[in-house]
Amino acid sequence: MSNIWRNPLFGWGVDRAEAETPAHPYRPPQEPWNATRESKAPMLPVGRLRYYYKWGGHGDSLWNKIRYWPTRRRILHIRGEYNPKTLRREKTIVDKRPIWWMMGLAALFLMPLYLPSDFRGTLLAAGAIFAIYAAINLCWMLIIGTAGIYSLASYAVVGSAAFGTAWLSIYLHIPWYLLPFLGGGIGLVFGMIIAIPATRLDGFYYALLTIGLNELCRVYTLQSKAFGSASGGLYGADTYIPESWTADNQSLLAFYAALVLMLLALALFRAVNGTRLGRILRMAPEKREAFAEATGVNFRRARIMVFVISSIALGFIGGFYTAHYRGVAFSIFSFDTVLLGLGMLVIGGIGRAEGAVVGALIVVFLDKALMPLGPIRLILIGLIMLGVVLFLRQGLFGIKQQFRAWRDKKKSERRSIRSEKGGEMLPEEATETLDKDMLYWRRYDKMQRDYLKKLVSAELIEEHRRCPLGQHSEPLERLLLYFRRAPLNDKYAIVAVEPFKAYRIVALSGHRGVAPRIVEDKIHATQEEAYHGVFLRRVQDLMES
């Protein structure tokens with residue numbers, strides 16, 4: 001259609017009736033209705049992709065009944081369900097972590113067969129260090145994650161047990177196979193001593209105390225002649241690695257022995273975390289001690305028990321450390337070692353066994369296998385930690401949960417867009433409205449406002465300024481009719497301050513006997529100017545609605 005409106009009053013010679021006036025392009029009133037009814041979200045094909053096989057039948061199989069001893073964890077949690085799309089019964093593996101654990105452990109045990117000969121010794125040594133650090137992190141995870149005790153003295157316990165067993169092996173000639181058990185005894189003593197302040201202190205203050213204890217152990221051993229202050233540590237302890245073997249066989253034996261140690265630590269983590277002791281601590285976290293005590297759970301006793309058990313395990317690892325390296329150096333107490341351990345926990349995620357292992361793998365690989373890079377490898381570890389802290393909630397293994405939360409949020413947003421009916425009334429307001437016709441009137445009013453907003457243009461405002469009263473073009477007439485139908489409450493009007501000379505814009509109260517309120521102090525010289533001022537205010541309210 002033409003964008004020119006021809007005034008029919010021009011042929012009658014009406015004053016200020018122009019022959020042609022620029023008009024807004026015609027827009028059908030059906031547009032807002034169609035826009036409201038149509039889906040605003042991309043519609044994807046029905047169904048979802050499957051990345052693993054689902055076999056038919058019910059889920060009541062033997063796998064559901066076999067559990068890890070002594071825990072109540074299933075070996076494979078298989079659930080039988082009905083698929084409404086395929087109309088058949090299916091089995092679904094609810095928790096696939098045991099499968100990933102088996103694949104990862106199998107890859108670690110088969111890794112030496114596929115290592116390049118040029119880097120075989122370096123990678124096997126780094127693998128042994130990774131396994132030892134992973135075992136320490138698993139025991140440390142029990143203290144921080146399960147027990148909720150922010151202890152930073154794990155390496156102090158390991159180092160004390162390592163120095164104690166090294167001294168016993170060098171000066172009392174204790175064989176290597178007794179060193180881990182003697183280290184467990186030393187860890188028990190240290191754990192009971194460190195556990196005493198845990199009954200009084202908590203959080204940041206306990207972390208400061210344990211950091212100070214770690215530094216105290218370092219300074220004492222560094223200045224003690226009995227513990228090798230002159231030689232940088234204690235060396236010459238008995239070892240399980242035969243000296244008659246070749247260097248490659250010795251590296252292989254050390255690697256597999258460290259892997260067995262990691263498996264023992266993993267078994268301990270599962271045993272403590274999956275039995276009644278771990279379930280009590282997960283049921284009543286730190287901020288619910290009063291609730292735990294009220295239900296008959298001795299929460300503090302459970303925390304101390306987990307702490308002492310973990311200390312014994314850390315002492316066992318310290319004894320193995322001595323038998324593995326034929327001694328121990330002062331660096332095990334250094335603050336750098338503690339920070340690397342914390343970096344492993346932060347990167348992997350606190351509270352998860354897989355986080356402790358994968359975090360140790362990443363940090364040890366960057367720190368030991370990439371030693372030719374120099375200080376750059378430490379910067380890489382710091383950048384990874386910074387990225388995990390800034391963008392992830394629970395370490396690398398919290399990505400899946402965080403992604404699911406983000407995906408569910410986006411699903412809800414798309415669902416709300418698809419089911420949108422105008423958004424003109426809140427759900428709680430709609431349920432409390434007795435007259436349901438009001439819902440549809442509000443919906444219609446919103447669609448009409450959306451349509452009228454598209455009609456407002458500079459040409460339309462100029463047309464009203466030239467001729468506020470009289471016959472107008474179709475878009476302007478639609479707009480004025482909508483303004484005239486507005487309820488009296490806060491409806492704009494003009495008041496003659498001085499007849500034919502001064503006019504002011506007011507807003508009606510909508511109640512009999514209540515005077516209108518003054519909207520602005522501006523005085524309009526003519527009635528047409530006041531009408532146009534009221535029109536501009538109504539247009540502004542419409543565009544802001």
Side-chain angles (χ1 to χ4, degrees), residues 101-138 158-159 161-163 165-166 169-170 173-181 183 228 231-267 316-332 337 340-341 344 356-374 376-378 380-381:
W101 271 108
M102 294 300 298
M103 294 173 61
L105 293 176
L108 285 176
F109 274 92
L110 296 177
M111 182 188 68
L113 302 178
Y114 302 98
L115 291 178
S117 58
D118 297 338
F119 304 98
R120 183 179 177 83
T122 303
L123 293 178
L124 286 177
I129 296 173
F130 146 72
I132 295 174
Y133 274 98
I136 296 174
N137 290 341
L138 286 168
V158 174
F163 270 97
T165 52
S169 178
I170 293 172
H173 307 289
I174 302 296
W176 66 266
Y177 50 84
L178 294 179
L179 297 183
F181 300 99
S231 58
L234 282 178
Y235 301 101
D238 192 21
T239 180
Y240 62 89
I241 302 175
E243 296 182 0
S244 59
W245 287 17
T246 62
D248 184 66
N249 291 335
Q250 288 181 355
S251 299
L252 275 176
L253 178 59
F255 173 74
Y256 283 117
L259 278 185
V260 171
L261 178 71
M262 187 187 75
L263 291 179
L264 293 176
L266 181 61
F316 186 91
I317 296 172
F320 176 84
Y321 188 94
T322 300
H324 183 85
Y325 289 108
R326 298 181 176 89
V328 60
F330 301 131
S331 60
I332 196 170
T337 305
L340 282 179
M344 297 173 191
V357 175
V358 174
L361 179 63
I362 294 174
V363 173
V364 170
F365 177 77
L366 293 176
D367 186 47
K368 303 299 180 183
L370 301 180
M371 289 189 72
L373 295 179
I376 298 178
R377 69 187 194 281
L378 301 178
L380 291 177
I381 295 174

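All values below come from the heavy atoms of this structure, side chains included, with hydrogens, waters and symmetry mates left out. In this chain, residues are counted from 1 in sequence order.
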Rounded at 0.5 Å granularity, tell me how far CG in Leu264 sits from CG in Leu138. 11.0 Å
To the nearest 0.5 Å, what is the distance between CZ (Arg326) and CD1 (Ile241)? 5.5 Å
Minimal non-hydrogen separation, Ile170 against Ala237, with atom names: CG1-N, 3.9 Å
Could you check whether any side-chain heavy atom of Thr165 comes within less than 4.5 Å of a side-chain heavy atom of Ile174, counting everything from C-beta outward? no
Shortest non-hydrogen contact from Leu123 to Pro116? CD1-CD, 4.4 Å
Where the side chain of Thr322 meets the backbone of Gly327, is there a donor-acceptor pair that is under 3.5 Å apart? no
Closest non-hydrogen atom pair between Ser169 and Leu179, with its separation: CB-CD2, 3.9 Å
Does any non-hydrogen side-chain atom of Tyr240 lie less than 4.5 Å from one of Leu253? yes
Locate the shortest heavy-atom distance separating Ala128 from Ala258; write the atom from each residue and the value. O-CB, 3.6 Å
Residue Ile376 excluded, over 12 heavy atoms near CD1 under 6.0 Å: no
What are the two closest non-hydrogen atoms of Ala161 and Gly183, and how far apart are they? CB-O, 3.7 Å
Does Leu234 reach the side chain of Phe163, with side-chain heavy atoms less than 4.5 Å apart? yes
First locate atom CG of Leu252, then atom CG of Leu113, and finally report the distance between them rounded to the nearest 0.5 Å. 8.5 Å
Determine the minimum heavy-atom distance between Ala126 and Val364, stating which atoms define it. O-CG1, 3.5 Å
Applying side-chain contact (heavy atoms from CB on, under 4.5 Å), name anything that partners Tyr235, two or more places apart in sequence or on another chain. Ala329
Taken in chain and number order and not counting sequence neighbours, the residues that satisfy ring-ring contact (aromatic ring centres under 6.0 Å, His included) with Phe316 are Phe181
Derivation and outcome, side-chain contact (heavy atoms from CB on, under 4.5 Å), residues Phe130 and Ile362: CA-CA 9 Å; Phe130 146 72; Ile362 294 174; over 6 Å; no
Could you work out, with side-chain hydrogen bond (donor to acceptor under 3.5 Å, both in side chains) as the rule, every residue matching Thr246, not counting sequence neighbours? Asn249
Which distance, rounded to the nearest 0.5 Å, do you find between the CG of Leu115 and the CG of Leu110? 11.0 Å
Distance in Å, Leu124 CG paired with Met111 CE, rounded so as to fall on 0.5 Å steps: 6.0 Å
Does some side-chain heavy atom of Tyr325 sit less than 4.5 Å from a side-chain heavy atom of Ile129? yes
Salt bridge (Lys or Arg N to Asp or Glu O under 4.0 Å) partners of Arg377, counting only residues at least two apart: Asp367
Taken to the nearest 0.5 Å, the spacing of His324 NE2 from Ile132 CD1 works out to 4.5 Å
Which residue pairs pass the salt bridge (charged side-chain N to carboxylate O under 4.0 Å, His left out) test when at least one of the two sits in residues 107-127, sequence neighbours left out? Arg120-Asp248
Backbone N/O of Gly121 and side chain of Ser251: donor-acceptor pair under 3.5 Å: no
Between Trp101 and Leu266, is any pair of side-chain heavy atoms under 4.5 Å apart? yes
ring-ring contact (aromatic ring centres under 6.0 Å, His included) partners of residues 245-267, not counting sequence neighbours, each pair once: Phe109-Tyr256
Could you tell me whether the side chain of Met262 reaches within less than 4.5 Å of the side chain of Leu105, counting heavy atoms only? yes
